[in-house]
Amino acid sequence: MTAEVAILLHLVLGVLACLSVPLVKAEDPYKYYTWTVTYGKISPLGVPQQVILINGQFPGPRLDVVTNDNIVLNLINKLDQPFLLTWNGIKQRKNSWQDGVLGTNCPILPNSNYTYKFQTKDQIGSFTYFPSTSLHKAAGGYGGLNVYQRPGIPIPFPKPDGDFTLLIGDWYKTNHKTLQQYLDSGKPLPFPDGLLINGQAHTSFSGDQGKTYMFRISNVGLSSSINFRIQGHTLKLVEVEGSHTIQIIYDSLDVHVGQSVAVLVTLNQSPKDYYIVASTRFTSTVLTTTAVLHYTNSHTPVSGQLPSGPSYQIDWSMQQARTFRWNLTASAARPNPQGSFHYGQIKPSRTIVLANSAPQINGKQRYAVNRVSYINSDTPLKLADYFNIPGVFSLNSIQTAPSGGPALLATAVMPASLHEFIEVVFQNNENTIQSWHLDGYDFWVVGYGECRYGHGQWTPASRNGYNLIDTLTRHTAQVYPNSWTTIWVSLDNQGMWNLRSAIWERQYLGQQFYLRVWNQDKTPANEYDIPPNALLCGKAKGQRA
């Protein structure tokens with residue numbers, strides 16, 4: 001071999017080696033947690049009561065993660081009841097095994113544990129977690145879950161000087177087991193006793209004059225919509241449940257049960273302390289709680305009247321909701337802009353109309369969807385589906401449109417095909433506000449119906465008023481009294497997914513069902529296999545995972 005040939009061969013091998021380097025891809029980071037769930041006694045509203053603590057904290061630890069992080073979280077249950085956490089707004093791509101609801105997971109028994117393994121795949125934003133079992137949510141166990149962008153993925157606003165998570169919700173002084181007994185006996189829950197911000201009736205947040213801070217506001221309550229405002233300051237909306245928004249300035253914002261928003265607040269006032277205010281909406285008795293925004297150079301305590309909330313009710317709230325717009329040029333969790341998927345140019349393959357109701361069944365208060373009031377099975381639906389266990393659920397147990405007739409109890413599952421693009425209409429013929437959540441997805445909220453002038457009933461002509469250009473994607477949508485809300489959703493995530501009322505009394509008493517999104521090809525490209533540590537219970541006990 002000549003020297004020239006040897007040199008040429010060496011160069012060729014070097015080039016091939018360089019070309020092979022991009023094929024080696026580092027795995028996304030892993031983050032490990034161990035959480036222990038216990039009872040504890042505190043006095044959030046001035047009365048000692050039993051609450052649920054996670055690692056001794058109320059609310060629970062905040063999860064701060066990055067897009068595509070792999071979360072490995074060992075949950076140890078030291079309560080006297082079975083327990084699960086669900087990850088509100090985390091899509092669990094191809095992985096409904098980790099959703100943490102009774103239709104997908106066996107509950108974690110007392111003095112045992114389960115390790116959740118999931119990825120915050122292609123998401124940025126403000127989310128929460130909370131207990132999905134029994135009425136544990138009324139005792140705490142909830143917390144913030146913030147997903148930050150990966151390096152190199154721009155966000156459409158300068159990096160804030162600080163980041164505050166505010167978990168706001170209604171609260172009862174009554175023990176959660178007693179509240180559950182009310183519901184089991186057929187009685188509705190009483191009116192809440194108060195509101196909490198981060199588990200407290202009084203708390204504070206500190207910042208430097210002239211700097212801008214992000215406030216992540218989540219409604220973690222059981223039933224009450226809230227209005228949020230800060231004395232002397234405006235709120236610039238920048239994100240809603242993982243969607244970057246057109247940045248509009250508001251004096252106050254309505255946040256409904258299960259929803260999350262993020263706003264930027266600039267501390268541009270004189271150095272003193274200011275009220276942060278949350279109050280209930282659409283309630284005859286208005287509950288109000290306050291916190292303090294403290295300027296670090298302040299020597300003046302908070303004073304003056306609380307900033308007033310909206311003087312108008314439903315119409316004001318609906319009009320504000322319509323001003324929330326998707327920022328089509330902002331990057332999502334990936335470099336492509338949010339508007340690269342033109343949802344308004346896709347025709348839905350079918351329409352599903354879901355009507356909520358509050359029937360009496362066997363002399364007890366229940367809540368229903370299209371006449372069906374959901375009852376949990378001892379066997380998670382996902383396990384029954386995987387192991388082909390008969391007698392757990394039926395795919396024709398709930399209709400896709402309302403019909404006449406008496407309400408009934410059933411373990412309701414609605415079939416759907418992977419990659420369908422569907423229209424879902426939430427029809428609310430009751431006098432109360434509703435809040436609907438879909439696990440595994442976000443969806444486009446394309447329309448809200450008027451509560452008056454005869455427009456409270458959805459018809460095909462209602463589509464003429466849809467926003468098919470720049471409506472938000474989110475995971476929880478409110479439905480105003482005697483009105484409707486329409487969502488469009490791309491069913492690109494195979495699994496067994498819970499569609500439920502975010503108002504927990506209604507969820508507990510049956511206003512929910514499961515959407516089985518399915519393709520017959522069993523492949524990891526469609527859905528991950530059952531995890532080897534899956535808990536097995538009911539008719540699935542003894543099966544091999």
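Computed over heavy atoms, backbone and side chain alike; hydrogens, waters and symmetry mates excluded.
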Q: Go through Leu222 and Trp171 one step at a time and tell me if the side-chain contact (heavy atoms from CB on, under 4.5 Å) criterion holds.
A: CA-CA 8 Å; Leu222 294 182; Trp171 188 256; over 6 Å; no
Q | NZ/NE/NH1/NH2 to OD/OE distance under 4.0 Å, Asp470 and Arg325 | A | yes
Q | Any residue meeting salt bridge (charged side-chain N to carboxylate O under 4.0 Å, His left out) with Arg366, in chain and number order, not counting sequence neighbours | A | none
Q: Return each pair, listed once, that meets ring pair (Phe, Tyr, Trp, His ring centres under 6.0 Å) where at least one residue sits in residues 186-211; pairs must be two or more places apart or across chains.
A: Phe164-Phe205
Q. Would you call Glu430 and Arg506 a salt bridge, using N to O less than 4.0 angstrom?
A. yes
Q) Under 3.5 Å, is there a donor-acceptor pair between the Ser225 and His256 side chains? A) yes
**Q.** Residue pairs, two or more places apart or on separate chains, that pass salt bridge (Lys or Arg N to Asp or Glu O under 4.0 Å) and touch residues 67-86
**A.** Lys31-Asp69, Asp80-Lys177
Q. Is the distance between the ring centroids of Phe215 and Tyr213 less than 6.0 Å?
A. no
Q. Would the Phe443 and Trp436 ring centres measure less than 6.0 Å apart?
A. no
Q | Sequence-distant partners of Asp273, salt bridge (charged side-chain N to carboxylate O under 4.0 Å, His left out), two or more places apart | A | none
Q. Does Thr288 have any side chain to side chain contact (heavy atoms under 4.5 Å, CB included) partners at least two apart in sequence or in another chain, and if so, which?
A. Val277, Ser279, Val286, Leu306
(Q) Suppose we screen for side chain to side chain contact (heavy atoms under 4.5 Å, CB included). Which residues come up paired with Ser134, at least two apart in sequence or across chains? (A) His136, Gln180
Q: Without swapping roles, check the side chain of Tyr508 against the backbone of Leu183 for a donor-acceptor pair under 3.5 Å.
A: no
Q.
Would you compute the distance between atom CE of Met318 and atom CD1 of Ile433 and round it to the nearest 0.5 angstrom?
A. 8.5 Å
Q | Partners meeting salt bridge (charged side-chain N to carboxylate O under 4.0 Å, His left out) with Arg150 (sequence neighbours left out) | A | none
(Q) Holding to ring pair (Phe, Tyr, Trp, His ring centres under 6.0 Å), I want the full list of residues that pass it with Phe118, two or more places apart in sequence or in another chain. (A) Trp87
Q: Could you name each residue pair satisfying salt bridge (Lys or Arg N to Asp or Glu O under 4.0 Å) that touches residues 276-292, not counting sequence neighbours?
A: Asp254-Arg281
Q) Can you list the residues that meet the side chain to side chain contact (heavy atoms under 4.5 Å, CB included) rule with Leu264, with sequence neighbours excluded? A) Phe157, Pro160, Thr212, Met214, Lys236, Val238
**Q.** For Gln231, side chain to side chain contact (heavy atoms under 4.5 Å, CB included) partners two or more places apart
**A.** Tyr274, Tyr275, Val302, Pro307
Q. Should the pair Arg216 and Tyr148 be classed as cation-pi, given the thresholds of under 6.0 Å to the six-membered ring centre and 45° from the axis?
A. yes
Q) Trp504 pairs by ring pair (Phe, Tyr, Trp, His ring centres under 6.0 Å) with which of Tyr367, Phe130, Tyr172? A) Phe130
**Q.** Residues Asp251 and Arg229 bridged, charged N to O under 4.0 Å
**A.** no
**Q.** Contacts of Tyr448 that satisfy ring pair (Phe, Tyr, Trp, His ring centres under 6.0 Å) - sequence neighbours left out
**A.** none
